[in-house]
S.K.: 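Just dropping this structure here.
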Protein chains: 2
Amino acid sequence: MKLDDKDQQILEYLQQDSKMTNKQLSMKLDLSVTAVYERIKRLEREGIISKYVALLNPEKVEKAFTVFCQIKLIQHTRNYLTRFEAEITSLPEVLECFHVSGEYDYILKVLVKDMAAYREFMVTKLTTLDHIGSTQSTFTIEKVKNTTAIKL
Amino acid sequence: MKLDDKDQQILEYLQQDSKMTNKQLSMKLDLSVTAVYERIKRLEREGIISKYVALLNPEKVEKAFTVFCQIKLIQHTRNYLTRFEAEITSLPEVLECFHVSGEYDYILKVLVKDMAAYREFMVTKLTTLDHIGSTQSTFTIEKVKNTTAIKL
DNA sequence: AGTGAAAGAACGAAAAC
DNA sequence: GTTTTCGTTCTTTCACT
């Protein structure tokens, strides 16, 4: 599906603030409320907008310690990969996990309270998984940018 | 501020689907609509809920190529760091940027259309920045997990 | 902290242009 | 594509516990 200029503007606004009403959007885009409504419905139906979520402030909920953890598996059979991925997905500390190229097989973004909690996570959750080869943790000192908005 | 069980449940639900109405939440939590309303307002006021956003499907908007790019700076004076961070923040392809420990100084999550677009990004945007030492790109083969929801 | 009631605003669908 | 209308639903405030 192709997105015209109005669609793109709607997506830009909703990626910044999904509480914006159709009326507000209609004024910004110089369209009728109904036109905005129909466009958003279409964007949802097509799956371009996948979901609407509330974002929390990690500091305020004591999950401000972000770690990128790279993992190498010992074996790479389909079976092991699938099991590893299922187990990783089930861990709430792991917000993101990508299968990647390069020296390591996976890169994880892990959110925990502090270093102690990360150690606990490593010892009780990560290293107990089967077929983990080596891991390398990269600790974040500061969050420079962190957005969910994709520029169209 | 401390979050009781009801607060945590509200946050869990809203992190999954912020379009859930106060009425739906009130039924799930066995509270009145007003009680839910007041709790959400408090969570917003305290900054625990930082914003509400629409999430797009990267595949549908041709931004499915995710790259983790690690960057080393040549110099590390306060001035250079600040300028680098300001410039990185302004790049729409960079969704996340963290100042990190370890061999490299920064780790970036970059979303572009494909390898050609990434090359273009590197050549025209990243390597034109001053004081970049070396970079290392890790390409993602598959997205295993990617959530914005923090487990409380 | 909580509830119920009521006004006001927005949604969602249909009509007609 | 647009405007208008209308019933329904949700939001928000208020009085009260």
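Quantities reported herein were computed from a predicted structural model and do not represent experimental measurements. Protein chains get the first letters and strands the later ones, always in sequence-line order, with residue 1 at the start of each.
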S.K.: Check this one for me: any side-chain N or O of B:Ser32 less than 4.0 Å away from OP1 or OP2 of C:dG2?
M.R.: no
S.K.: Please tell me if the side chains of B:Thr82 and B:Arg78 come closer than 4.5 Å, counting only heavy atoms from C-beta onward.
M.R.: yes
S.K.: Tell me, do A:Thr89 and B:Val144 make a side-chain contact under 4.5 Å, heavy atoms counted?
M.R.: yes
S.K.: Between C:dA1 atom C1' and B:Arg42 atom CZ, what is the distance in whole Å?
M.R.: 10 Å
S.K.: Rounded off to whole Å, could you give me the CE-to-C1' distance for the B:Met27 and C:dG4 pair?
M.R.: 17 Å
S.K.: Does OP1 or OP2 of C:dG2 have a side-chain N or O of B:Arg39 closer than 4.0 Å?
M.R.: yes
S.K.: Strictly below 4.0 Å, N to O, side chains only: are B:Glu93 and B:Lys125 in salt-bridge contact?
M.R.: yes
S.K.: For B:Leu25 and D:dC10, what is the distance between atoms CG and P respectively, to the nearest whole Å?
M.R.: 11 Å
S.K.: Using the side chain to side chain donor-acceptor pair (under 3.5 Å) rule, collect all pairs that involve residues 61-72 of chain B, keeping only residues at least two apart or in two chains.
M.R.: B:Lys72-B:Glu103
S.K.: State, to 0.1 Å, how close B:Met122 and B:Thr135 come at their nearest heavy-atom pair, and which atoms those are.
M.R.: CE-OG1, 3.5 Å
S.K.: Within the side chain of A:Lys145, is there an N or O that forms a donor-acceptor pair under 3.5 Å with the backbone of B:Leu91?
M.R.: yes
S.K.: For each nucleotide in nucleotides 11-17 of chain D, reading 5' to 3', give B when a protein heavy atom comes within less than 4.0 Å of its base, S when such contact involves only the sugar-phosphate, and - otherwise.
M.R.: SBBB---
